[in-house]
Student: 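Handing you a structure now.
In what follows, chains are A, B, ... by sequence order, proteins preceding strands, each numbered from 1.
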Amino acid sequence: MIDPKLLRQSAADVAKGLARRGFKFDADTYLALEDKRKSLQVEAESLRSERNTSSKSIGMAKARGEDIEPLLKAVNDLGERLENADARLKELQSQLLDIELGLPNLLHADVPDGVDEADNAEVRRWGTPAEFSFKALDHVDLGGASGLLDFDGAAKLSGSRFAVMHGPLARLQRALIQFMLDVHTSEHGYRETYVPYIVQADALYGTGQLPKFEADLFKTQDDPPFYLIPTAEVSLTNLVRDSIVEAKDMPVRLVAHTPCFRSEAGSYGRDTRGMIRQHQFEKVELVHLVPGSDSFAALELLTSHAEAILQKLELPYRVVKLCAGDTGFAATTTYDIEVWLPGQSAYREISSCSNCTDFQARRMQARWRNPETGKPELLHTLNGSGVAAGRALIAVMENYQQADGSIRIPQALLPYMGGLTEIAVNN
RNA sequence: GGAGAGAUGGCUGAGUGGUCGAAAGCGCUCCCCUGCUAAGGGAGUAAGGGUUAAAAGCCCUUCGAGGGUUCGAAUCCCUCUCUCUCCGCCA
């Protein structure tokens, strides 16, 4: 959520900033509502103040044994007026909140202009895509060669956009997850955290998936409903909802492995081949909770932690800064890390690292106590994949493939594979 | 799933219709005093919001959540959630 004070004072500037995303914020309508809110709130509060004063004097009169009838008469219609003002205020505030919850975060000034991923700005590259002496296969064909990747079986169970994996391929994904958790906890200082995969609506309001993106989520039929998390960011970040973190506990750095569930509504026809885009996938997620002054440095650090995984796996990648139109709802700046996929001859997203500044914190009332002032301040939240395990598996398969369709195990994963050094064909 | 108990400020814990944002203790902060010392004295110490350019001040809200009764609710009524104990069931 954007600071309502900023909206009131600089609605036109906010509208201009959001226009970079292609988002239309009707500042005039907002300000008109806000104007009404102000006068109504002043009215309601002064009525309430009047009532409090009267009630107090009734109490005192009664204590002195005086006749309170005339006093009661004097406040006769107060209750009704107050009720009326309250109801109108409540209605107005909920209208304003609806608008505010629908506004995306303001972009950082350095975010490049642009409408979609074609306009993203490459920041750096690491590694060189390998030259193959044979025609590189994609992970679907490699999975077919080993017989360990089964889309038919998955379709039988769950329909499209699911995968079944067997044997060493399933183990390879598990190895990737263990490896990533180990690196982040032992080398990068994260606290390993196990979280629920099913959350209530409040958590999703906190991180910004709701109310706007409900269609992207899987929802249960309970009343009230539960939602399957689309990312561990939801569970991890909301841990500080409605709390004040002490300075000695900052910064907070959390890592969790969870499955992620996305309905992928609206992406029909995109990445239908293979397991690039699934309804269910595994991901290791990194979350930072930091003082506001530190969040941009933290974004660089977090991104470097995700990159370290790909470097240890010796997977070539590039880092791009997302353009205005491609940056997510809650983020002020996002780096995507794109791993090289020989089967597609393309860099594809494997991690997305975002600084959400105080946007999520304001929705969550997540604060920290600044020792300089002794006062609570909104903290800044960051999240990034460190990295997406399903896509990392694809990247390993395609980058480590050999002429016969077998797949070598990356050096870094050998300790996790129980002596296995390659995944052969025809398992 | 069944039975019972509970939810109050950073913590412990009083408060059962009126001047209670809330006693007391602990903790914490500041000040004072003190050289028989793991002592004494004093003051302060919640969060959110409105008004304001901002601050001060003033005002509003908050005693698990949401409704209700009342001039007035931490206190009474209803619904819900969570925690604890016991039983059952289960991983």
Student: Measure from the side chain of A:Lys5, starting at C-beta and using heavy atoms only, and say which of B:U51, B:U52, B:G48 lies closest.
Tutor: B:U52

Student: Report which part of the nucleic acid A:Arg362 touches: base, sugar-phosphate, or nothing (heavy-atom distance under 4.0 Å, all strands).
Tutor: nothing

Student: Taking atom P in both B:G66 and B:A73, compute the distance separating them and give it to the nearest angstrom.
Tutor: 15 Å

Student: Would you tell me if any nitrogen or oxygen in the side chain of A:Lys90 comes within less than 4.0 Å of OP1 or OP2 on B:U61?
Tutor: no

Student: Determine: side-chain N/O of A:Arg367 to OP1/OP2 of B:A46, distance under 4.0 Å, yes or no.
Tutor: no

Student: On the nucleotide B:U61, are OP1 or OP2 found under 4.0 Å from the side-chain N or O atoms that A:Asn52 carries?
Tutor: yes

Student: At under 4.0 Å, does any side-chain N or O of A:Arg48 touch on OP1 or OP2 of B:G72?
Tutor: no

Student: Please state whether the rings of A:His188 and A:His184 are parallel, tilted or perpendicular, taking 30° and 60° as the class boundaries.
Tutor: tilted

Student: Check every atom of B:G72, B:U51, B:A47 against the side chain of A:Arg369 and return the nucleotide holding the closest atom.
Tutor: B:A47

Student: Could you check whether A:Arg64 gets within reach of a base, just the sugar-phosphate, or nothing at all, counting any heavy atom under 4.0 Å?
Tutor: nothing

Student: Out of B:A54, B:C59, B:C71, which has the shortest distance to the side chain of A:Ser55?
Tutor: B:C71

Student: How many angstroms lie between atom CD of A:Gln365 and atom CG of A:Asp242, to the nearest 0.5 angstrom?
Tutor: 7.0 Å

Student: Given B:A47, B:U51, B:U19, identify the nucleotide with an atom nearest to the side chain of A:Lys375.
Tutor: B:A47

Student: Counting any heavy atom closer than 4.0 Å, what does A:Ser54 reach on the DNA or RNA strands: base, sugar-phosphate only, or nothing?
Tutor: nothing

Student: Please determine whether any donor N or O and acceptor N or O are separated by less than 3.5 Å between the side chain of A:Lys62 and the base of B:G18.
Tutor: yes

Student: Looking at B:G48, B:C60, B:C71, which one has an atom nearest to any side-chain atom of A:Leu72?
Tutor: B:C71

Student: What's the spacing between A:Leu96 CG and A:Leu101 CG if we round to 0.5 Å?
Tutor: 11.0 Å

Student: Using a cut-off of strictly less than 4.0 Å, decide whether A:Gln41 has a side-chain nitrogen or oxygen near OP1 or OP2 of B:U61.
Tutor: no

Student: State which of B:C71, B:G50, B:C59 makes the closest approach to the side chain of A:Ser49.
Tutor: B:C59

